[in-house]
Q: 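Have a look at this one before I ask anything.
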Amino acid sequence: MKDEKPYYQTYEVEADPMDRLLDCLNRIRWEQDPTLSYRWSCGHGICGSDGMRINGICGLACQKLVKNFKGEVLIEPLPVFRVVKDLIVDLDPFLEKYNSIKPYLITKSSPPERERFQSPEQQRLFEEAIRCILCACCTASCPINQNKETASYVGPAALVRAFRYLFDSRDEASEERIALLDRKEGAWGCQTLWKCTEVCPKEIPVTKQIGQIKKQIYEIKHK
Ligand code: SF4
Ligand code: FES
């Protein structure tokens with residue numbers, strides 16, 4: 001049954017300072033309210049499924065220790081996305097945008113006999129971007145994505161993945177990628193507001209990477 005209006009509910013939980021907020025949510029669900037709904041899987045900052053807004057800042061519940069909070073903690077679903085139930089949001093639009101940037105290696109030349117060689121230096125260029133776990137915290141925190149008028153912006157998470165392939169020496173689709181990114185819904189939608197970088201649980205320099213995409217677009221178009 002669907003509630004007429006969304007509402008906040010308060011729970012009291014006993015917790016140790018070293019418990020994570022995810023442990024508290026689990027305790028509520030197991031001991032007080034089995035209907036409380038949220039996503040989680042790994043419990044260790046790997047799967048990216050427990051992104052939520054915690055005291056106004058998006059982050060992973062499994063990475064937040066109780067000792068860093070005082071008194072009441074306000075936990076809300078990620079903004080930007082439609083709420084499905086409690087802390088679960090519909091991430092289909094997020095994944096559609098992610099898929100729109102072609103998040104896979106594209107090659108045109110015939111495959112070599114062995115692997116496509118890449119030096120450690122070439123790999124290092126996009127090493128940080130590989131850490132992305134698609135938790136959606138950056139996109140949910142981005143004021144451009146939060147604004148209905150500019151919500152078609154592909155968002156920081158998709159751009160991090162675009163960066164990853166644009167700067168991969170083995171990829172052979174730069175032109176295709178640049179065409180996808182050289183739009184106001186693409187890299188130019190970013191207004192360098194840094195919110196994505198502030199919340200990224202994997203400490204990816206998101207804004208910097210979007211800036212590098214913009215630079216690459218400019219250089220390719222003006223060479
Ligand atoms: Fe999450 Fe960071 Fe990836 Fe954004 S860039 S989806 S915040 S891991
Ligand atoms: Fe997997 Fe938090 S539960 S990242």
Side-chain angles (χ1 to χ4, degrees), residues 15 18-30 36-54 56-66 68-69 73 75-81 86-101 103-104 125-146 151 153-168 181 186-187 189-214:
M18 292 308 285
D19 281 342
R20 297 131 344 135
L21 292 186
L22 178 63
D23 299 316
C24 300
L25 287 171
N26 286 340
R27 213 162 293 143
I28 294 168
R29 185 173 162 89
W30 296 335
L36 181 65
S37 304
Y38 49 95
R39 291 192 181 105
W40 72 286
S41 177
C42 70
H44 294 283
I46 306 291
C47 72
S49 58
D50 61 339
M52 46 194 79
R53 186 154 67 176
I54 301 159
I57 301 170
C58 299
L60 303 175
C62 66
Q63 283 193 334
K64 304 289 176 197
L65 293 177
V66 166
N68 295 324
F69 296 88
V73 183
I75 301 183
E76 299 167 293
L78 286 179
V80 167
F81 307 110
D86 300 338
L87 299 170
I88 296 179
V89 293
D90 176 10
L91 285 175
D92 283 355
F94 172 77
L95 295 170
E96 273 162 31
K97 285 180 177 179
Y98 170 74
N99 285 330
S100 76
I101 59 93
Y104 39 83
L125 278 179
F126 58 88
E127 203 169 48
E128 291 168 310
I130 297 176
R131 295 205 295 256
C132 176
I133 52 173
L134 291 179
C135 66
C137 290
C138 53
T139 299
S141 306
C142 172
I144 315 295
N145 284 126
Q146 288 173 356
Y153 167 47
V154 71
L159 290 174
V160 163
R161 198 50 61 106
F163 172 93
R164 182 243 175 283
Y165 289 106
L166 196 57
F167 288 89
D168 188 323
L181 298 166
C190 168
Q191 293 182 14
T192 324
L193 301 172
W194 294 95
K195 296 289 173 199
C196 49
T197 306
E198 283 168 20
V199 300
C200 177
K202 306 309 277 187
E203 297 181 356
I204 298 168
V206 184
T207 316
K208 187 173 155 208
Q209 294 189 346
I210 299 173
Q212 283 174 279
I213 295 177
K214 290 175 181 171

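Numbering of ligands and ligand atoms starts at 1, following listing order.
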Q: Please answer whether the main-chain N or O of Arg20 pairs with a side-chain N or O of Asp23 as donor and acceptor at a distance below 3.5 Å.
A: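 Side chain of Asp23 to backbone of Arg20: a pair is present.
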Q: If you leave out waters, which protein N, O or S atoms are less than 2.8 Å from atom 1 (Fe) of ligand 2?
A: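 Protein N, O or S atoms closer than 2.8 Å to atom 1 (Fe) of ligand 2: Cys42 SG, Cys47 SG.
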Q: Is there a side-chain contact between Phe126 and Ile130, using heavy atoms and a 4.5 Å cut-off?
A: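 Phe126 vs Ile130: side chains touch.
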Q: State which residues pass side chain to side chain contact (heavy atoms under 4.5 Å, CB included) with Ile46; sequence neighbours excluded, sorted by chain then number.
A: Cys42, His44
Q: By residue and atom, what protein N/O/S atoms are less than 2.8 Å from atom 3 (Fe) of ligand 1?
A: Cys132 SG
Q: Might you confirm whether atom CD1 of Ile57 has over 12 heavy atoms from other residues, nucleotides or ligands at distances under 6.0 Å?
A: no
Q: Identify every side-chain donor-acceptor pair in residues 194-204 under 3.5 Å, counting partners at least two apart or on other chains, and give the distances.
A:
| unit_1 | atom_1 | unit_2 | atom_2 | d |
| --- | --- | --- | --- | --- |
| Thr197 | OG1 | Thr207 | N | 3.0 |
| Thr197 | OG1 | Thr207 | OG1 | 2.4 |
| Lys202 | NZ | Gly45 | O | 2.8 |

Q: Is the side chain of Arg39 donor-acceptor paired with the backbone N or O of Val89 at a distance under 3.5 Å, no angle test?
A: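 Present.
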Q: Output, in order, the C-alpha distance, side-chain angles, deciding distance and verdict of side chain to side chain contact (heavy atoms under 4.5 Å, CB included) for Arg29 and Leu25.
A: CA-CA 6 Å; Arg29 185 173 162 89; Leu25 287 171; over 6 Å; no
Q: Just do the side chain to side chain contact (heavy atoms under 4.5 Å, CB included) check on Lys64 and Val73 with the steps written out, would you?
A: CA-CA 11 Å; Lys64 304 289 176 197; Val73 183; over 6 Å; no
Q: Could you go through Asn145 and Lys97, starting from their C-alpha distance and side-chain angles, then the distance that decides it, and tell me whether this counts as side chain to side chain contact (heavy atoms under 4.5 Å, CB included)?
A: CA-CA 12 Å; Asn145 284 126; Lys97 285 180 177 179; 3.7 Å; yes
